[in-house]
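Everything on this sheet refers to the single structure shown next.
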Amino acid sequence: MRIATYNVNGVNGRLPVLLRWLNETQPDIVCLQELKAQQDNFPEQAIADAGYNAIWHGQKSWNGVAILARGMEIQELSRVLPGDPEDSHSRYIEAIVNGLTIGCLYLPNGNPAPGPKFDYKLKWFERFTQHAAGLYASGKPVVLTGDYNVMPTDLDVYKPERWVDDALFRPETRAAYKNLLAQGWTDAIRKLYPDQKIYTFWDYFRNAYGRDAGLRIDHFLLSPTVDSRLKSAGVDRHVRGWEKTSDHAPVWIELAD
DNA sequence: ATGCCTGAATCTTTCAGA
């Protein structure tokens, strides 16, 4: 079973690229972030025609997350991150698919830091960590995947010294990620490739993709029973080279049945 | 320190992204 995550940066503007990638790689479960579409403006029919059921939580202009499943039922558990009724951002959706609990997240960017946006990022991270603790304690097979907006270590940044004051790489942000992993989660890519430079994002500026000036910010966190099924993982980085593409590339894992 | 690019809405600029 293949599970993928992809920050599409606009699900409607990205539709041809998304459909091409779905057809090419045929993932069984897909988590999408940054839909940038209102709830009733999600391309449900085109995605159904590609063979996928979908649930999503849209929002005007920004954010928005979705879970797709190829020929499988999606049992929605939540479309908000618990812990703050005042939080209006569509950044989390959770469902059971084929016996797996799938949490699809779009963690706040947090720039500029310091400031209210960075405070919001850290608070969101705390709420997510608290929610993850409950999922972990349940003992169920859980996959928490999406755009974490965190480079966990120096290995995950093309030029670490340029990013030390950035919200994606500040000590508080890296500490929050480390604290989350300390619950027992496995970072799938890092487990399989402990020393390899692997990026999932290249910004649109300065020919970043051509220079391989990238960041690893899209992650797969696995609970122990899912970790024991992990066969392989990777980044579909060639998709970043397509016309009208997202600034992120899809990331995937393959699990034993 | 800033802009470089991109998508969506506020729509011929502005905002946010990372």
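As the structure is a prediction and not an experimental result, all values here were calculated from the model. Chain letters run A, B, ... following the sequence lines, proteins first, then strands; residues in each count from 1.
Comparing the C1' positions of B:dT6 and B:dA1 gives a spacing of 22 Å, expressed to the nearest Å. Spacing of P atoms, B:dG3 relative to B:dA8, comes out at 23 Å, to the nearest Å. Taking atom C1' on both nucleotides, B:dA16 is separated from B:dT10 by 13 Å, rounded to a whole Å. The separation of B:dC4 from B:dT14, taken at their P atoms, amounts to 14 Å, rounded to a whole angstrom.
Going from atom CG of A:Asp166 over to atom P of B:dA1 covers 13 Å, rounded to whole Å. Residue A:Tyr120 contributes atom OH, which lies 14 Å from atom C1' of B:dA16 at whole-angstrom precision. Rounded to whole Å, the distance from NE2 on A:His89 to C1' on B:dG17 is 13 Å. The CG-P distance, from A:Asn63 to B:dA16, rounds to 11 Å in whole Å. Nucleotide B:dT2 holds its P atom 13 Å from the CG atom of A:Asn111, rounded to whole Å. A straight line from CG of A:Leu168 to P of B:dA16 spans 16 Å, rounded to a whole angstrom.
With a 4.5 Å cut-off between side-chain heavy atoms of Ile, Leu, Val, Met, Phe, Trp and Tyr, the cluster of A:Tyr204 takes in A:Phe205.
Looking at A:Thr5 and A:Gln33, their side chains do bring a donor and an acceptor atom within 3.5 Å of each other. No hydrogens or angles considered: nothing links the side chains of A:Lys117 and A:Asn111 as a donor-acceptor pair under 3.5 Å.
Checked against the 6.0 Å centroid threshold, A:His57 and A:Tyr92 do not count as a close aromatic pair.
Put simply, the side chain of A:Pro43 reaches to within 4.5 Å of the side chain of A:Val11, judged on heavy atoms.
At a threshold of 4.0 Å, the pair A:Lys123-A:Asp87 does not count as salt-bridged, since none of the basic side-chain nitrogens sits closer than that to a carboxylate oxygen.
Using a 4.0 Å heavy-atom criterion, one finds that A:Asp147 contacts the sugar-phosphate atoms exclusively. At a threshold of 4.0 angstrom between heavy atoms, the contacts of A:Tyr106 are confined to the sugar-phosphate backbone, with no base atom among them. Among the protein residues, A:Lys121 comes within range of no part of the nucleic acid, since none of its heavy atoms lies under 4.0 Å from any strand.
The CD atom of A:Gln38 sits 6.0 Å away from atom CG of A:Asp40, with the distance rounded to the nearest 0.5 Å.
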Item to check | Sugar-phosphate or base contact per nucleotide [nucleotides 5-13 of chain B; S, B, -; heavy atom under 4.0 Å] | outcome: BSSSSB---

